[in-house]
Asks: 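Right, I'll just put the structure down here and ask away after.
Hydrogens, waters and symmetry mates are skipped; everything else that's a heavy atom, side chains included, is used. By convention in this document, chain letters (A, B, ...) are assigned in the order of the sequence lines, proteins followed by strands, and residues within each chain are numbered from 1. Bear in mind that the values here come from a model prediction, so they are computed numbers and not experimental data.
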Amino acid sequence: MSEKKKTTMEILREKVEELLRTDRLPHVWCPGCGIGIVLNAFLRAFIRAKMDPNKLVVVSGIGCTGRTAGYVNVDSFHTTHGRAIPFATGIKFARPELNVVVFSGDGDLFAIGGNHFINAARRNHDILVIAVNNFTYGMTGGQHGPTTPTGAYTTTTPYGNPDRPFNIPHLAISLGVPYVARWTTYHLMQLQNSIYTALHRKGFRVIEIISQCPTVYGRRNEMKNPLDMMEYFRKFSIRKDDATAEEMELTYNGKIVVGVFRDVQGIPTYEERYEELLRRAQK
Amino acid sequence: MSEKKKTTMEILREKVEELLRTDRLPHVWCPGCGIGIVLNAFLRAFIRAKMDPNKLVVVSGIGCTGRTAGYVNVDSFHTTHGRAIPFATGIKFARPELNVVVFSGDGDLFAIGGNHFINAARRNHDILVIAVNNFTYGMTGGQHGPTTPTGAYTTTTPYGNPDRPFNIPHLAISLGVPYVARWTTYHLMQLQNSIYTALHRKGFRVIEIISQCPTVYGRRNEMKNPLDMMEYFRKFSIRKDDATAEEMELTYNGKIVVGVFRDVQGIPTYEERYEELLRRAQK
Amino acid sequence: MRIEIKFGGLGGQGIITAGYITAKAAAIYDGKESTFTQDYSAEARGGASTSEVVISDEKINYPQVINADYLVLMSQSAYRDYLYKLKKGGILLIDEDLVKPDERVKDYKVYKIPATRFAEEIGNPIVANIVMLGFFTAITGVVSKDAMWKAIEERIPKRFLEMNEKAFIKGYEYGEKIKGK
Amino acid sequence: MRIEIKFGGLGGQGIITAGYITAKAAAIYDGKESTFTQDYSAEARGGASTSEVVISDEKINYPQVINADYLVLMSQSAYRDYLYKLKKGGILLIDEDLVKPDERVKDYKVYKIPATRFAEEIGNPIVANIVMLGFFTAITGVVSKDAMWKAIEERIPKRFLEMNEKAFIKGYEYGEKIKGK
Amino acid sequence: MKKLAENKPPPKKRGTVKIIEERCKGCWYCISYCPTKVLVVSPKLNEKGYHPPELKEDPPNKVCIACHLCELFCPDFALIVEEIK
Amino acid sequence: MKKLAENKPPPKKRGTVKIIEERCKGCWYCISYCPTKVLVVSPKLNEKGYHPPELKEDPPNKVCIACHLCELFCPDFALIVEEIK
Amino acid sequence: MKPGYYFWSGDIAVAEGAIFAGCRFYAGYPITPSSEIAERMALRLPQVGGKFIEMEDEIGSIAAIIGASWAGEKAMTATSGPGISLMNENIGLAVMTEVPIVVVNAMRGAPSTGLPTLVSQGDFMQARWGSHGSYEIISYYPDSVQETFDLMLDAFNSAERYRVPVMFLLDAMLAHMYEKIYVPPEDSVERVERKRPTKPPGEQLIYEADEDLIPPMPRIGDGYKIHASGLTHNEKGYPELTPQAQERLVRRLNEKIRKHQEKIWKVEEYRTEDADVIVVAMGSNARAVRTAVDAARNEGIKAGLLRPITIWPFPYKYIEKYSVDYIVAEINYGQIYHVVREYADNKVELLPKMGGELHTPQEILHALRRYKK
Amino acid sequence: MKPGYYFWSGDIAVAEGAIFAGCRFYAGYPITPSSEIAERMALRLPQVGGKFIEMEDEIGSIAAIIGASWAGEKAMTATSGPGISLMNENIGLAVMTEVPIVVVNAMRGAPSTGLPTLVSQGDFMQARWGSHGSYEIISYYPDSVQETFDLMLDAFNSAERYRVPVMFLLDAMLAHMYEKIYVPPEDSVERVERKRPTKPPGEQLIYEADEDLIPPMPRIGDGYKIHASGLTHNEKGYPELTPQAQERLVRRLNEKIRKHQEKIWKVEEYRTEDADVIVVAMGSNARAVRTAVDAARNEGIKAGLLRPITIWPFPYKYIEKYSVDYIVAEINYGQIYHVVREYADNKVELLPKMGGELHTPQEILHALRRYKK
Ligand SMILES: Cc1ncc(C[n+]2csc(CCOP(=O)(O)OP(=O)(O)O)c2C)c(N)n1
Ligand SMILES: Cc1ncc(C[n+]2csc(CCOP(=O)(O)OP(=O)(O)O)c2C)c(N)n1
Ligand code: SF4
Ligand code: SF4
Ligand code: SF4
Ligand code: SF4
Ligand code: SF4
Ligand code: SF4
Ligand SMILES: [Mg+2]
Ligand SMILES: [Mg+2]
C-alpha cells in the first residue's frame, strides 16, 4: 500500500499532521470539545489554499480556544486575554506580507477584547478572525459571557442569564467588515470552504463558529454529552445567506442561522491605505 | 419689569442657571466650542421634562466633553478616560431609581471606551448617552480618533487620516439600542427635543451630536473659526429619519445625515430583567 | 495526630469529590480539623486527577500532603505518578481492575477492591468513588462511617442517593470483609 | 550669566511663540544655551498664557524663571499675575494699550510700546508678538537682532513673512528710539 | 439689511438681552444667527481678551424679537434674553 | 442498519481507519456520524481512561467507504483514513 | 448564612464574608483562581437582595463598583494578578476620589498568564505601587479559610472607615483550599458604615475633611450635588490644577492612612518574644512556617514567626521591634524582603520561590538550622 | 535627521532619538504630556519608511508593539501614568515572552488623572512593580533634552540586547521643555540588534538561553515556527505548568538583568568624592540640585549629587559606596527614598513634593544648610 499514489484527502491528512505540533498531542481540550474540529477545518482549508506556512501567523488570546496557537506548527502566539487582535495588528501592519490569523474565543474577542475587535474591524486590517463561540468562558469554568443566550444557565447565572447576547454577524457588518460568515462545528465542509474563501479575501474577515463546550456549558443546559450538542447544531441550524439581522440573532437552545452573510470585495485594507500614505509622505 | 410674569423661556433660562455650577464659569471650553451648546440643550430638555434634579446623575469620562460633569449642578462624576459607561452602570444597577446620563466625547466613548459602549448597549442598561463627536481628541490637542473622517488632517495624520471612522448610529443599532439619533450643534431645537424624548424612553439611548472643535480640528481642516464649522453643519446637514446605514456614514467635510434613526419601545432593560431575576431568586 | 490522605485517578472518576467528602466528613461530622486541596491545573481536564486531605485534631498548618499515610488510587497513571508520595509502611487502597501494582508495593500495606466493577453492577460506574469511600472508611477508620455517609448525603443530588447508598455500603462491607483477612 | 525672561498675555497673542523664538534664537543662532518652558495647563486655553526663557553661556540647570530679569506683558491679567516674578530693578516691557501699570512699577525699569496697535496698522493684530520681539531685541540686547530674525523666519510660514518682517522692524526701531530716551 | 427691516411691520414680541460679558468668548454665533441682526461686536475687551456682543437696536424694525436663538446658540451661557412685550 | 446495508451494492471506494488511540478522548462523534456505522466503541481503555473507537467491518456492504467524515469530525486528530481501493 | 460550621474554600469564604460584612454589590470578570468568588456571589447576592453583574472586563468591573459605592452600596470585585494589572488605573481613581471598595486579588503564578491555578505571592508590591503616583491603600492577607471570612469584615470596615480601596490578598492555595469555618451570629460583630455628611446639602463641602483627615461621604441622590473628579481638586471637589492643591490633597490622601496605621495593623507574632531568628511569612505560606518554628524550637533553635496580616500599610514597627536576624519566606523573587531590609537592623535573608508551591516545613526548618547554637 | 544642532522639546527628542536608534514602528494612544511624541512620530516615521498607528487605547498600543517586535521591528509606544497603569498587564507579557520594546512614560501629576500638564515623579515604583509577579525591567530617566535623545539609543540597545521591555521615564517638565540639542552623524554610534538564532529552523529551541541567559530571538516568517506564550513555558516555548518550569523560567528572567546590571547602570556623580551629604535626585529635578550643590559648596558645605540615570535595576552599589547622609529629593511622597534607605547605612532624609513643580535650588540649599559645620 505504501507505493500506492496518495489521494488528495490522504495528502491533506498528512499535511494536517505536519501543521500540528504533534509532540503536544493529545491536546488539552475536553472530550468532544468543538475547538479541535474547527482547528481541523482551518488547517485543511489552509492546506487547500496552498499558502506558505512560513508566512502564516496564528495569534490567540487566552481561553480554551486561545490554546489553539499552541498546537499549530507555524509561528504562533498565545498572548494576553483579549489582546490577540491588537497583537496581530502589530504583526500585520509591520509586515503586510504575512498571513495573519486570529483564532480565539467569544470571551476573548467580544468580552475583554471587544474594543479591539470593533476598532480593528473599523480600520479594516487585513486579518482573518476565527471566532469560536461556545456561549461561555470555557477555560475559567463556564461563566456566562457576551454571547451566552438570554436565559441560559452557567456558573454565574444560576437563575438564568439576564444578559442580552451580541449578534456577532450583525455587529461585524455594522463595522463594515467585508467577509462575515457563521457556521457550527457540524458544518464541516461549509466551514472549511468558508475559511478557504476567506483566506483568499482581503481585509478584516470574521467567521463565527458556534461550537460545543460540553464540559461546562452543555451539561448545564440540557446537553449532557458532546453528541447532544452536536445534534443540537445538526437539528437547529438553517442555512440562510441573505438572513436579516433579526434572523441572525441567537436564542437559548433555539435555531441557528448559518451562512455567508457578507462577502464584498474591493474595500481598501488599512495596510493598503497606509502604503499609499507612505508614498505620499516620501515624495 | 421685575413684577411681570416670566415667560416659559425666561424661566427655562433661569433654571439653566440653577443647573450650572456658575461659580465655575467661564468654563474651560474654547471660543465657539460646541460642547457648551450641547450642554445648554441638554439642560433645557431636562428642565422641560420636569424631572427631579436630585435624581439626575451625570457621568463623564476624560476629555473636553468630559469636563461637562464639572459644570452641571447635580451629582456628577468626572471619572477616568473611557470608563464613564461602566461607572454609570454601577450607579444605575445599584439604584435603578436614579436618572443616569453619560455625557462624553467620541474618543472617550468609542476609542478607549468602545468595549464598555458595546457591552452596555448589548445589555441595554437604562442609561442615556450624550456622545459629542467633534471628530477628534480635543483635550489632548487634536489627534485623530475613531470618528475622524478618512482623509482629515490632525496632529497625528499630517498626511491625511488613513483610518475608516465608525458609523456610530449603525453600530448602536446593530447592538439593539432602542433610541438612536444624530444631530449637529446647529440643530438647536431638534437636539433639545430629541434629548427630551430620550429622557422619557427606557434602555440604552444614544444621541450622537456632531460638534465643532474649532481650536484643534477646524483650523486644520479648512474651517478656521467657529463660525466656519457651524456653517458647515448648517449647509451640509440633511434630516432623514429613515436613513440607510450607508447614508449615515460620514465623510470628510461631506454631508451629515441627521435624524432619529431608531425609536422602539418595550425592549426590557437590564435593570428590569434583573428585577425579575431577583424575584425568582428570592422565592 | 496529623493524617494525610491522597486520592488519585482520572478526570470523571470523582477523585475530587472523594477528597472533598472525606475532608468534610472529618471536619463537620467528626468535629476534627481538616484541609482539602486539589489539583486544578487546566491540563488535568480529562487527564490525571488528584486531591489531598489532611485531618488532625488540632489546627492544621501545612495544608498539603507531604508523606501520605493513605493513598487511594483508581488509575494506573495515578499509581505511576503518586506512589512515591506514600510513606513507607503506609496504606495503599486501589481499584484492582484499574491499578496493577509492581514490586514496589512490598513497602506498603495494600488493600484491593474492584470498585468500578461493583459500581457498574450497582448501575453506574460513576459511583465507583463512593464504593471506594465505603471501602476507605472500613479499612482505615480515619473517618467514622456516620460522618462519611452524612457528607455523601449532603453532596449528592437526592435522586442519586439510593444508588450512592448502595455503593457506599457495598464498599464498606467489602472493606470490613477484607480487613479481617 | 543666567538671564531669565518671562512672557505673559492671553491665548491667541502668540506669547508661547514669542518665548520659543527668543529661546531658539539664543541657542541656535547666538550659540548660547537656553531653555524654553510654557504653561500648558488646560485652563489656559483662551485664558492666561505665559512662557519662560532662560539664557546662559553655560549649561542651564534649573530651567524655569525664579527671578525674572525681563518681563514682557501683553495683558492686564498677566500684569496682575506675574509682576511679582520680576526682580527688583528688572526690566518690564509692556504693550501700553493693554497694560496699565500701577504704582508698583517704580521698582522696575519700564518700556512701553503700543505693539498691538502697530500690528493692526501693519495689517493684523496677530503680529503684535513679533512687534514686541523687535522691541525686546532693541531694548535688551539679550539676543542679537540677526539671531532673533532668523528664528522668526524659521518659524513663520513663508506667506506671512513680509508682514512679520515689517512688524519686527517696527518694534525694533521703536525700541531703538525709546532706548535713547 | 437695514432696508429690509424697515419695510416690515414692527414685530409683536420684543426683548432685550443681558450679556454676562465675563463669560463671553467672542465666538459671535449670537451675532451671526440673530435673525434681526441686532447684536454687534462690542469694541470692549473683557478680562480674557474677547469682544463680547452688544445690543444695537434700530426701532421700530431692527429690534430684538425675543426669539431666544442667541441664548440657545451661546456656548458660554453668557446671554439672558428677557421679554419686554 | 445491517439489513439496509446488505441490500445495497458493495461501495466503489473502500478505506480503512488508523486510530491513534492515545489521542482519542471518546467523544464518539466518529462512531455516530460514520455513514456505514463501521466504527464501534472499543472495550479498550487508553491511558487517559477513554474508550477509543475501533473499526468493525462486515463486508461487502458494511465497510468503510473512505468518506473521511470521521476524520473531519474527530476533534482530537486521532483518526487517519486510508483509501484502499 | 445561619451561624454555625461550614466547610468552605477560601473563595467561598470571601464571598460569604463579604455578604456578612454588608456587601450588596459585586461586579467582576472571571479569572482563575478567583472565579468561584463570582460564582458564589452570583448565587447568593440575589438571595439577599444584592446585585451581581458580570462585566465585559476587569476595568469595567472596578469602574462599576466605584459607581455603585457612590450610589451607597458596599461594593467589591475579585480578580487575580492579570486583572489587577488592568484595574490599576481605576484603583487610582478610587484613591483620588476616596471611594470605599474592596478588591480581591487571588494571587497566582506570575508574571503574565503564568501559572493560573498555582499559588504565588508575586503581587505584594503591585498592591502598593501598581497605580501611578504616590498613594496609600490598605491591604490584608489571611492564612486560613476562617481568617479569610473574618478578615473580609475588616476589609469592608476599613474601606468604609478610611474611604479607601482595600486590596484583599488571597492566593491560589487559599482560594481553592477547603477548611472548616465558623460563621458567627449576624449581630455579634461591628459593621462600619461610611461617615455621612452632618451638614445639609449646600453647606457641606464635598471634600472637606474632618480632623481624622477623612471627609464625610454623601450618597448620590441625596441632594448634595456631589462633584468628584480624578483630577487634582479642592475641597469643593472642583478641579484645581495647581501644585498647591496637589500638595494639600495628595498629602492628606497619604496621611489619612498613615495617621491611622497602628489601628489598621494586624500582625501575628508566634513565639517571637525570645527569638534569635524570626521568619517573616504571609498568607498560606506562613502555615508551614508555624510547623517549622515548632520543630526548630524542639531542636533548640529559638525561632519565631512574624506574620503581617495587614500587608499595607506595612507594619514596620514590628520589624523594628526585634533586633534579630530575619528570614523572609515568600513565593516570589523578593518583595517584602526589601521592605524588611529597610526596617531591620540585622541580617535579612530571602528564601524565595518563583511560584507554584508553598514552602514546605522542611525547607523552612533547613534555613532555620543555621541558627542552631 | 541631519547631524547638527536643533532646538527641541523632550518629546521631540524622544521621537527623533528613537528613529535615530532604529525604531521603525510606533503604536500609541495620545495622552498629555506625551502626545507630542506620537505627533512627531506620525510625521517622521512615514518619511523614513516606518509605521505609525494610533490604536484605540493603551492596551492595544502595547499589544501592537509586542507583535511588531516579533515581526522584526524595533518598536515603541509612549504614554503617561494613566496609560502605564493600563499597560501593566502587557508589560508582563513582554517580560515573560522576552520581547524588546520601549515604553515611554512622561510622568505627570498623580494619582489618577491628577495634574495632566504638570511635572511629577510618582511612577518610579510603578515602573518596577506595576505588573503582577516578580520581574526585572530596565528603566532610564534623563535630565535634559540632549540626554533624552542620547539615552533613547541606550533604551533601544538595552531592549534589544536583553530582550526586555525598557521603560523610558520622562516628566512633564522635560517633555515640554525646549533646549538645544546636538544630533551626531548616523554612523557615529553603535546600534544593537537583537541576537538572532544561529541554528537553522527545527534545531533551534525557541527559548534556549545562551550563557548570558538570553535566548536568541527568531523573527516571524523565517521558518522557526515560533511559539510564545505568557504561560509558564519551557525551552521550546510550550506551556509547562509546573513549579519546576516556573522556577527555571522566572529565575532566569530576573537573573538575565541582574547579571548584567553593572553594565546597564548609568549614574551621574557630581561633586560626591569628598561629600558629607549627597542629594539623590533624578530627571529634571536633578538640575536644581546641581545649582544647589554648587551654592552649598560655596558656603562650605560638602554636598554632592548622585543622579541615577538608570532607575531600574537600581544602581544600589553607588549608594553603598558612600558612607554619608543622603537626602532624597523626589516629586512624590517617597519612592526612591525607600530604596535608598534599604542600601544606605547612614541617615536618609526625604524631601518630597506631591507634584506640579520642581524642587527649586533654594529648597535644596535650605535642606543642605543643616550640614553646615
Ligand atoms: C486579564 C484576564 N482576565 C481574565 C482572565 C481569565 N480568563 C481566561 S480565559 C477567559 C475566558 C475564556 O472564554 P473564551 O474566550 O470564550 O474562550 P473559551 O475558553 O470559551 O474557548 C477568562 C475570563 C485572564 N486570563 N486574563
Ligand atoms: C488612560 C488615559 N489615556 C489617555 C488619556 C488622554 N486623553 C484625555 S482626553 C482624551 C481624548 C479626548 O477625546 P474625546 O473623548 O473625543 O473628547 P474631546 O476632548 O474631543 O471632547 C485622551 C486621549 C487619559 N486621560 N487617560
Ligand atoms: S471547557 Fe469547554 S471549551 Fe474548554 S476544552 Fe472543555 S469543552 Fe472545550
Ligand atoms: S479643544 Fe476643541 S473640543 Fe476642546 S474645548 Fe477647545 S474647541 Fe472644544
Ligand atoms: S454666542 Fe456667547 S460666547 Fe459667543 S459671542 Fe455671543 S455671547 Fe459671546
Ligand atoms: S433674542 Fe433673537 S432677536 Fe433678540 S438678540 Fe437674541 S437672537 Fe437676536
Ligand atoms: S471522534 Fe476522535 S476523539 Fe472522538 S471518539 Fe472518535 S477517535 Fe476518539
Ligand atoms: S471514513 Fe467514513 S465510512 Fe470510513 S470509518 Fe470514517 S466515517 Fe466511516
Ligand atoms: Mg467561549
Ligand atoms: Mg472628541
Asks: Going by heavy atoms in the side chains, are H:M173 and D:T37 under 4.5 Å from each other?
Replies: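 When only atoms from C-beta onward are counted, D:T37 and H:M173 do touch, with a gap below 4.5 Å.
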Asks: Has D:K109 got more than 12 heavy atoms of other residues, nucleotides or ligands less than 6.0 Å from its NZ?
Replies: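 No, because the 6.0 Å sphere around NZ of D:K109 holds 12 heavy atoms or fewer from other groups.
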Asks: For the residue pair H:Y178 and D:F36, categorise the inter-ring angle as parallel (less than 30°), tilted (30 to 60°) or perpendicular (more than 60°).
Replies: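 Because their plane-to-plane angle lies in the 30° to 60° range, the rings of H:Y178 and D:F36 count as tilted.
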Asks: Counting only heavy atoms not in D:K106 (residues, nucleotides, ligands), do more than 12 fall under 6.0 Å from its NZ?
Replies: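 Counting other residues, nucleotides and ligands, NZ of D:K106 exceeds 12 neighbours.
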Asks: Can you name the residues that form a ring pair (Phe, Tyr, Trp, His ring centres under 6.0 Å) with D:F160, not counting sequence neighbours?
Replies: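 Ring pair (Phe, Tyr, Trp, His ring centres under 6.0 Å) check on D:F160 returns nothing, list empty.
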Asks: Under 6.0 Å from the NZ atom of D:K100, do we count more than 12 heavy atoms belonging to anything else shown?
Replies: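 Enclosed: over 12 neighbouring heavy atoms sit under 6.0 Å from NZ of D:K100.
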Asks: In the structure I gave you, are the side-chain heavy atoms of H:R287 and D:T35 within less than 4.5 Å of one another anywhere?
Replies: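 Yes; the side chains approach each other to less than 4.5 Å.
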Asks: Crowded around D:K85 NZ? As in, over 12 foreign heavy atoms under 6.0 Å?
Replies: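 Atom NZ in D:K85 is crowded, with more than 12 foreign heavy atoms closer than 6.0 Å.
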Asks: Taking H:K180 for its side chain and D:E33 for its backbone only, find out whether a donor-acceptor pair lies under 3.5 Å.
Replies: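 Flag not set: sc H:K180 to bb D:E33 has no pair under 3.5 Å.
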Asks: At what distance, to the nearest 0.5 angstrom, does CD of D:Q38 lie from OG1 of H:T117?
Replies: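 So the CD of D:Q38 and the OG1 of H:T117 are separated by 10.0 Å.
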Asks: What residue in H:N285, H:L358, H:V289, H:L115 has the most heavy-atom pairs under 4.5 Å with chain D?
Replies: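 Top option by heavy-atom pairs under 4.5 Å: H:L358.
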Asks: So with a 6.0 Å cut-off around OH of H:Y5, is the heavy-atom count from everything else above 12?
Replies: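 No, not enclosed.
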Asks: For H:Q146, which atoms come within 4.5 Å of any heavy atom of chain D: side chain, backbone, both, or neither?
Replies: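 Neither part; nothing is under 4.5 Å.
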Asks: For H:R290, give me all partners under salt bridge (Lys or Arg N to Asp or Glu O under 4.0 Å), at least two apart in sequence or on another chain.
Replies: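 Scan of H:R290 (salt bridge (Lys or Arg N to Asp or Glu O under 4.0 Å), adjacent residues dropped) gives H:D143, H:E268.
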Asks: Around atom CD1 of D:I139, are there more than 12 heavy atoms from other residues, nucleotides or ligands closer than 6.0 Å?
Replies: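 Yes, because the 6.0 Å sphere around CD1 of D:I139 holds more than 12 heavy atoms from other groups.
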Asks: Mind checking ring pair (Phe, Tyr, Trp, His ring centres under 6.0 Å) for D:F168 and listing every partner two or more places apart, or none if nothing turns up?
Replies: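 Ring pair (Phe, Tyr, Trp, His ring centres under 6.0 Å) check on D:F168 returns D:W149.
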Asks: Could you walk me through whether H:F7 and D:S34 pass the side-chain contact (heavy atoms from CB on, under 4.5 Å) test, one step at a time?
Replies: CA-CA 9 Å; H:F7 194 64; D:S34 76; 3.3 Å; yes
Asks: By number, which residues in residues 55-78 of chain D have some heavy atom less than 4.5 Å away from chain H?
Replies: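 Answer by number: D:K59, D:I60, D:N61, D:Y62, D:P63, D:Q64, D:I66.
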Asks: Quick check on H:Q362: does its CD atom have over 12 non-hydrogen neighbours (other residues, nucleotides or ligands) under 6.0 Å away?
Replies: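 Atom CD in H:Q362 is crowded, with more than 12 foreign heavy atoms closer than 6.0 Å.
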